[in-house]
2 protein chains.
Amino acid sequence: MERLPKRQRHQQLSRLIEENPFLTDRELTRLLKVSIQTIRLDRLELSIPELRERLKLMAERSYDPVRSLPLHEVIGDILDLQLDKSGISLFEIREEHVFSRSGIARGHHVFAQANSLAVAVINDEIALTASADIRFIRPARLGEKCIAKAYVRSSGAQKGKAKVEVFTYVGDEMVFQGNFVIYRSAGEPDREGGDGHEDRH
Amino acid sequence: MERLPKRQRHQQLSRLIEENPFLTDRELTRLLKVSIQTIRLDRLELSIPELRERLKLMAERSYDPVRSLPLHEVIGDILDLQLDKSGISLFEIREEHVFSRSGIARGHHVFAQANSLAVAVINDEIALTASADIRFIRPARLGEKCIAKAYVRSSGAQKGKAKVEVFTYVGDEMVFQGNFVIYRSAGEPDREGGDGHEDRH
DNA sequence: GCTTTTTTGGCACCAGGTATCAGTATGAAC
DNA sequence: GTTCATACTGATACCTGGTGCCAAAAAAGC
C-alpha cells in the first residue's frame, strides 16, 4: 500500500478542517472517501479534536474578555503612570491588529493605544478626548512592540482641558506622534469627547 | 403558587447563561435548585438554545469574518462611494462600542469609521493614513447612528498624497470632524501610514 | 373542597462522538 | 508460498448533553 495516499489525506483533512471547523466526521467521509473510522484514526493521529471540542474552543476564545473586548479601557499595558505628568504603555502588534497580507497595523490600534494612554494619564474621574492632531510616521508591523510615551503639557485642572503629547516608538524609531486635548470632569465633563474612562484601578 | 418565583428564576436563568454560556442544564439545576426538567422547560419558554447550540452560535459568530474582524477594512456600512470624490458611511453605536456606564462611544470607533472611510474613498490599491487632525465635537452615545461624510479635497494622484475631510453626524448634529492626509500607492505606498486596504471589491 | 399551574420523574431517542475488538486487504520480506 | 506489518473497515458498547413526550406529584389559586 502506498504511503502517500495516507499522508495526502492527512494534509487534506487538516486543510479541510482548518477552513471549515464545522465539519462532522460523517461529512468528512464524503469528502475524503474513506470510512468514518479512518477519519477518526486520522484525527487521532493528527490530534485534531472532535467537532464539539473545536466549537467549544472557538467559543471560549471569542468569549475571552481580553480578546473579545480588545478596545476596552486602556489599550496596551501601562508600564509607568505618573498622573498629570506622564505615562508609558506597551502594545504588541499581533495577528489581529494587522492587514493579513501586508502585515501593517491598522491605524485604529496605534491610535487607540495613544488615545487611551492620553486619557489614562489624566488624574480625573472622567476624561474624554476633545481633539487630536496625529501623525503616522511609519507603519507599525506584525510582531513589533510599540512603546507609547505620553507627556502632560498643561494639566489644566482648573480650565477643564489638558494637553497631552504622545510619542509611539518601535525600538528607537518613532512610528506615531499625536497631540491630544482632553476634557476633564473638573471642567465640563460631558460637553465633548469621544473617549473616556470610568474605572480607575 | 406564587408567580414570582418562576419569573425570578427565569430572570436568573437568563442572567446566568448570559454571563456564562458554558453552563450545562445539570449545572444549572445546582444553581437554581430545581429539577433538570424545569430548567429545560424554562429554556424552552425563554427560547434559550441548548449548550451545544449556544457554543455553535458563538463559534459561528467568531468565525464569521465580518464580525470577527470588526476593525477590518471599512468600519460602518458604505452608503455611497464616489472614488476620489466623496463617500458616506453609516455606523451604529452598539453595546460593544460604548463605556457601559456612561453609554458614550469610545473614541477609537468614531475615529475608525472616519479613518476607514477616508481610506476607502481613495481610488488606489494601497492607501495608508499619514496624518490626521481630528475633533470630537460631542460624544456619540449608545444607539445613535453616525453618518460619516468624506470629501476628497485634493486627490493628489500624482503627488502620492490626498487630503480627505470627514464629518460625522448624528441626525443634524456634528459629533466628529477630521482632516486626513492619506498616502496612496501612486506616491510612495509603504513609506508611512498606519492604515490601508488591500482588497477593493 | 376542586381546579389549574408548576414541577418533577421516567423513558425513548438523537448527534457526534470515544474506546475497543475483530476482520479484511495489500504489499513487501523471507 | 507464507508470513508480517500497515492500513482500512465494521461492529458494538458507552458517553454527554441534550429533545420530546407522558404521567404523576406538588403547589397555588379559587
Side-chain angles (χ1 to χ4, degrees), chain A residues 1-69, chain B residues 1-69 95-96:
Chain A
M1 177 163 285
E2 315 158 40
R3 280 283 160 79
L4 274 170
K6 185 173 181 180
R7 293 196 189 154
Q8 280 178 350
R9 195 185 56 236
H10 279 193
Q11 285 196 337
Q12 278 213 349
L13 183 72
S14 303
R15 193 178 49 74
L16 281 169
I17 288 184
E18 190 169 354
E19 63 190 37
N20 183 7
F22 297 86
L23 288 169
T24 65
D25 287 358
R26 200 164 306 276
E27 288 168 321
L28 288 164
T29 62
R30 279 196 309 104
L31 296 169
L32 296 176
K33 316 278 188 201
V34 287
S35 73
I36 201 160
Q37 290 85 348
T38 304
I39 297 289
R40 286 168 181 171
L41 278 173
D42 287 353
R43 276 200 301 98
L44 203 68
E45 289 180 53
L46 296 167
S47 53
I48 294 171
E50 64 173 283
L51 171 66
R52 286 159 175 175
E53 286 306 309
R54 295 198 298 269
L55 298 189
K56 195 177 171 189
L57 282 171
M58 291 173 69
E60 274 168 356
R61 201 172 33 196
S62 86
Y63 189 66
D64 181 351
V66 181
R67 287 188 67 105
S68 66
L69 299 170
Chain B
M1 175 167 283
E2 314 158 41
R3 281 281 159 79
L4 274 170
K6 186 174 180 179
R7 293 194 188 158
Q8 280 178 350
R9 195 184 57 235
H10 278 192
Q11 286 197 339
Q12 277 213 349
L13 183 72
S14 303
R15 193 178 49 75
L16 282 168
I17 289 185
E18 190 169 355
E19 64 190 38
N20 183 6
F22 297 86
L23 288 169
T24 65
D25 288 357
R26 200 166 306 280
E27 287 168 323
L28 287 164
T29 62
R30 281 195 310 101
L31 297 170
L32 295 176
K33 315 280 187 199
V34 286
S35 74
I36 202 161
Q37 291 85 347
T38 303
I39 296 289
R40 287 168 182 172
L41 278 174
D42 287 354
R43 275 200 301 99
L44 203 68
E45 291 181 51
L46 296 166
S47 55
I48 295 169
E50 65 174 282
L51 171 65
R52 285 159 175 173
E53 286 306 310
R54 295 197 297 270
L55 298 189
K56 195 178 172 190
L57 281 172
M58 291 172 69
E60 273 168 357
R61 200 172 34 196
S62 88
Y63 191 64
D64 179 354
V66 181
R67 286 192 67 105
S68 68
L69 300 170
E95 200 64 41
E96 62 264 37

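Here the structure is a predicted model, which means the values were calculated and not measured. Per chain, numbering begins at 1; letters A, B, ... match sequence-line order.
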Start with the C-alpha distance between B:F22 and B:E27, add both sets of side-chain angles, then the distance that settles side-chain contact (heavy atoms from CB on, under 4.5 Å), and finish with yes or no. CA-CA 10 Å; B:F22 297 86; B:E27 287 168 323; over 6 Å; no
Could you walk me through whether A:L32 and A:L16 satisfy the side-chain contact (heavy atoms from CB on, under 4.5 Å) test, starting with their C-alpha distance in whole Å, then the side-chain angles of each, then the deciding distance to 0.1 Å, before giving a yes or no? CA-CA 10 Å; A:L32 296 176; A:L16 281 169; 3.9 Å; yes
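- When rounded to the nearest whole Å, the span between CZ of A:R54 and C1' of C:dG16 equals 11 Å.
- Non-hydrogen atoms lying under 4.0 Å from DNA chain C are contributed by A:R40, A:R43, A:E50, A:L51, A:R52, all within residues 37-53 of chain A.
- A straight line from CD1 of B:I36 to C1' of D:dG20 spans 14 Å, rounded to a whole angstrom.
- Salt-bridge formation is detected for the pair A:K6/A:E45: a Lys NZ or Arg NE/NH1/NH2 atom is positioned less than 4.0 Å from an Asp or Glu carboxylate oxygen.
- Atom pair B:K56:NZ and D:dT19:P shows a separation of 14 Å (rounding to whole Å applied).
- Following rounding to the nearest Å, A:K33 (NZ) and D:dC8 (C1') show an atom-to-atom distance of 17 Å.
- In this structure, the CD atom of A:Q8 is 15 Å from the P atom of D:dA7, given to the nearest Å.
- Atom pair A:D25:CG and C:dG17:P shows a separation of 4 Å (rounding to whole Å applied).
- A side-chain contact (heavy atoms from CB on, under 4.5 Å) with B:V34 is found for exactly one of B:L41, B:T29, B:I39, namely B:I39.
- Here the closest non-hydrogen pair linking A:S14 and A:L46 is OG-CD1, 3.7 Å.
- Note: CG (A:L32) to C1' (D:dT9) measures 15 Å, nearest angstrom.
- Rounded to an integer number of Å, the gap from CG of B:L23 to P of D:dG18 is 10 Å.
- In terms of modelled atom types and a separation under 3.5 Å, the side chain of B:R54 and the main chain of B:L23 share a donor-acceptor contact.
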